[in-house]
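Before any comments, here is the structure.
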Amino acid sequence: MINDKKVLFSGMQATGSLTLGNYLGALKNWVTLSDEYECFYSVVDMHSITVRQDPATLRKRARALLTLYIAAGLDPEKNCIYYQSHVSGHAELAWILNCFTYMGELNRMTQFKDKAAKHADNINAGLFTYPVLMAADILLYQADVVPVGIDQMQHLELTRNLAQRFNAVYGDIFTVPEAYIGKTGAKIMSLQEPSKKMSKSDENPNGSIYLMDDPDTIRRKCKRAVTDSVGEIRYCDEQPGLRNLINIYCACCNKTPDEAVNEFAGCGYGQFKEAVGEAVVSVLSPLQKRVAELEKEKGYIDSVIKNNAEKADYYAGKTLRKVQKKVGFPERVRG
Ligand code: TRP
């Protein structure tokens with residue numbers, strides 16, 4: 001608990017261009033959580049280098065992501081928005097947790113297997129121990145809840161196991177975190193292959209709407225979205241493309257699928273797709289404008305980065321000192 005609130009931790013990688021799915025499925029919901037929880041939202045740049053990055057691009061994207069957090073409505077006075085690499089406790093705790101993690105556990109991680117297959121020329125040890133760094137992120141702040149997508153559940157389960165394993169030896173050191181499954185948080189699928197998640201690494205750019213796409217591109221992608229030959233606006237499993245468009249529409253307009261289906265009863269797909277396009281534009285245009293404004297406020301963003309890194313470091317340090325003492329590292333002589 002911090003300030004009588006439960007602690008929430010989540011993070012995003014600054015690799016690739018963020019999509020509408022990242023926004024509607026994650027970021028938009030994060031904003032609603034900051035009253036209830038003491039929130040830490042990290043730009044996890046240390047995770048990014050498990051895959052080779054161009055340094056200038058990574059730096060630029062990390063800054064853009066941090067700016068986007070604020071533009072999306074996360075108040076940096078209330079939410080700790082910071083770069084993972086600015087708080088050395090992440091690496092320090094990750095090392096200790098590495099020594100409590102079994103090779104077999106990491107070998108079972110499906111994301112490792114996928115990424116190793118994709119980057120066969122660079123299967124580095126960081127890629128292998130990535131889930132341990134993620135566990136360190138979460139445990140460092142004694143997080144109670146972690147909003148994550150299904151694809152990260154296995155990593156969260158490992159985090160819980162590590163916390164319990166450590167606690168079993170050394171006493172109650174870590175809070176054992178729970179997954180936060182959002183009440184709304186639509187899962188947005190690809191516009192071209194509605195059985196696949198909308199992804200920033202999709203090779204087909206028409207499958208994803210990127211947060212920085214201009215209005216015409218957004219409209220065009222919605223218009224070209226894959227639907228079906230039923231020809232009727234219904235919300236059902238048999239029409240996955242349409243269902244995805246309805247989810248997008250509803251998430252943008254804060255409506256329920258029933259309301260959307262009623263609203264467009266008797267309309268053709270073309271007309272509905274146009275409405276979806278407009279709904280997305282009406283959400284993304286103001287967001288893009290806010291990003292552009294914030295990008296000009298260099299001093300302000302810099303101060304957010306500095307202050308929140310200090311805040312994160314303070315809480316991280318508290319946990320780290322406890323852990324270091326428990327495992328037997330010598331106390332530091334002060335003064
Ligand atoms: N691994 C997560 C992803 O790729 C990002 C992440 C890193 C994260 N550390 C985290 C998410 C801690 C939640 C909590 O999406």
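As the structure is a computational prediction, the values presented were derived from the model and not from experiment. Both ligands and their constituent atoms are indexed starting at 1 by order of listing.
Looking at Asp302 and Lys298, a side-chain N of the basic residue comes within less than 4.0 Å of a carboxylate O on the acidic one, giving a salt bridge.
Applying the ring-ring contact (aromatic ring centres under 6.0 Å, His included) criterion to Phe272, with sequence neighbours excluded, gives Tyr249, Phe264. Taking the ring-ring contact (aromatic ring centres under 6.0 Å, His included) definition, one finds that Phe40 meets it with Tyr141, Tyr315, sequence neighbours left out.
In this structure, a donor-acceptor pair under 3.5 Å is absent between the side chains of Glu105 and Asn161.
For Lys326, the NZ atom is loosely surrounded, since the number of other residues' heavy atoms within 6.0 Å does not exceed 12.
Applying the side-chain hydrogen bond (donor to acceptor under 3.5 Å, both in side chains) test to residues at least two apart or on different chains, the pairs with a partner in residues 267-288 are Arg219-Glu278, Asp228-Tyr269, Gln239-Tyr269.
For ligand 1, the 4.0 Å heavy-atom shell takes in Phe9, Ser10, Gly11, Gln13, Val44, His47, Tyr130, Met134, Asp137, Ile138, Val146, Val148, Gln152, ordered by chain and residue number.
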